[in-house]
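So the structure is just underneath, and the comments pick up after that.
The basis for the numbers below is simple: all heavy atoms, side chains too, and nothing from hydrogens, waters or symmetry mates. Atoms within each ligand, like the ligands themselves, are counted from 1 in listed order.
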Amino acid sequence: MTFTDLWRDLEPLGRDPATGGYRRYSWTPADAQCRAWFTRQAEKRGLTVHPDANGNLWAWWGEPGPGAVATGSHLDSVPDGGGFDGALGVVTALAAVDLLQEQNFYPERPMVLVTFTEEEGARFGLPCLGSRLLTGAVDPEVARALTDDAGVTLAEAMTAAGLDPALIAPDPARLDDLGAFVELHVEQGRALAPMGSAIGIAEGIWPHGRWRLDFTGQADHAGTAGLGDRRDPMLAYAGTVLQARHAAASRHALATFGKVIAEPGATNAVCSAVRAWLDARAPDEITLSRTVTDIRSTAKRLSVEHGVTLSVRQESYSPVVRFDEDLRDRIAVVLAVAGMPAPVLATGAGHDAGVLAARLPAAMLFVRNPTGVSHSPAEHASLADCEAGVRALVLVLRDLAGSA
Ligand code: GLV
Ligand code: MN
Ligand code: MN
């Protein structure tokens with residue numbers, strides 16, 4: 001099967017017909033369809049699929065064992081996400097197996113394809129949940145109690161999908177078997193296009209995190225409550241958004257309020273509460289911490305000014321990642337020798353490879369995204385570049401898994 005055939009097959013799953021964006025949230029019917037699709041495709045290629053207790057799927061080529069070379073990514077999406085984020089790494093992994101099998105390659109080391117669950121944190125708020133559970137970066141008890149916007153816990157969602165949430169646990173034995181993890185991903189940002197390169201290699205990932213801010217005021221009538229009498233949480237929130245932009249811009253950092261809920265949400269009422277989520281990222285941890293401190297103190301000051309109470313809770317934190325230099329250099333040489341020189345890029349986007357990097361040699365390949373737009377239905381990579389991604393992954397897997 002070619003990359004195109006695989007892509008077309010997966011493309012309709014979880015896509016919203018009105019927006020063209022993907023809503024592949026973990027443990028929903030769309031997610032189940034994606035998991036079934038991956039399992040079917042892996043089994044067609046003679047791979048053996050073992051789901052782990054944390055909701056990740058592992059498809060082994062050869063017997064599971066030490067020194068395994070892993071590749072893959074995730075199939076979940078942000079709300080109205082693009083089709084490439086995560087899915088490209090999974091589809092190229094399957095297409096790479098096809099090409100390797102056509103080349104009569106048989107891995108000397110075990111090879112395994114993986115799809116991680118809830119990478120985006122779109123449903124339960126904690127990104128890279130599957131890989132964090134695997135490595136022990138999140139407490140299973142805390143994870144089971146995570147809730148979605150409807151109040152459903154992760155434990156309930158997993159139970160409904162037929163898994164036993166009591167089994168959620170770090171899996172050091174599985175990690176011990178992995179010799180390397182290589183995640184191919186659509187580029188998020190626009191560095192490769194101006195360089196004229198189809199493929200890049202990750203240098204590292206900026207530290208980043210999510211903070212939930214709850215501004216609580218007093219609901220009142222929009223037509224009768226005088227401006228001076230109001231305790232309007234929207235004002236404290238709005239001022240915080242503007243300051244977040246300034247706090248980030250002045251430090252070459254990034255700060256985003258992309259999700260906000262005004263309660264109870266009446267046009268003709270001052271709202272009683274605003275719940276807002278801050279996503280902040282920076283090139284280093286000190287800059288990130290200063291940016292967030294600045295935003296929090298503005299939120300506090302404006303809350304006092306408007307008679308509103310504020311509570312702030314960190315929902316996730318991802319420390320800075322520097323990918324394994326030996327693996328990165330090895331990949332760079334393999335690609336350069338094959339006539340595919342790949343520039344080394346830093347990114348502000350989080351990935352499961354970043355979580356695994358704390359435990360084993362990990363690396364990432366990026367496929368050029370001509371506009372740089374991501375987390376949007378406009379996210380794109382050309383077919384030719386995706387196929388170049390498959391060829392690059394094949395070269396890397398041949399090199400890593402070809403000798404014991
Ligand atoms: C994942 O895509 C993230 O960086 O939010
Ligand atoms: Mn993403
Ligand atoms: Mn991704």
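Residue Gly350 places at least one N or O, backbone or side chain, under 3.5 Å from an N or O of ligand 1. Checked by distance only, ligand 1 and His375 come closer than 3.5 Å through their nitrogen or oxygen atoms.
Nearest N, O or S atom of Asp85 to the Mn ion (ligand 2): atom OD2. Of all the N, O or S atoms in Glu120, the one closest to the Mn ion (ligand 2) is OE2.
A salt bridge between Arg313 and Glu315 is present, with a side-chain N of the basic residue lying under 4.0 Å from a carboxylate O of the acidic one. We find that Arg296 and Asp294 are not joined by a salt bridge, their nearest charged nitrogen and carboxylate oxygen being 4.0 Å or further apart. With respect to Asp176 and Arg174, no salt bridge is recorded, no charged nitrogen being found less than 4.0 Å from a carboxylate O.
Taking the six-membered ring for Trp, Trp58 and Phe38 have ring centres at least 6.0 Å apart.
Interatomic distance, Leu129 CG to Ile168 CD1, rounded to the nearest 0.5 Å: 7.5 Å.
Backbone or side-chain N, O or S atoms of Glu119 do not reach the Mn ion (ligand 2) at under 2.8 Å. His185 lies close to the Mn ion (ligand 3), since one of its N, O or S atoms is found at a distance under 2.8 Å.
Among Asp324, Asp326, Val182, the single residue meeting the side-chain contact (heavy atoms from CB on, under 4.5 Å) criterion with Ile331 is Val182.
Atoms of ligand 1 found under 4.0 Å from any heavy atom of Ala349, numbered from 1 in the order shown, are 4 (O).
Of all the heavy atoms of Glu120, the ones lying under 4.0 Å from any atom of ligand 1 belong exclusively to the side chain.
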Could you please spell out the steps behind the side-chain hydrogen bond (donor to acceptor under 3.5 Å, both in side chains) verdict for Asn369 and His380? CA-CA 6 Å; Asn369 175 348; His380 187 69; over 6 Å; no

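By heavy-atom distance, the residue among His208, His351, Arg281 lying nearest atom 5 (O) of ligand 1 is Arg281.
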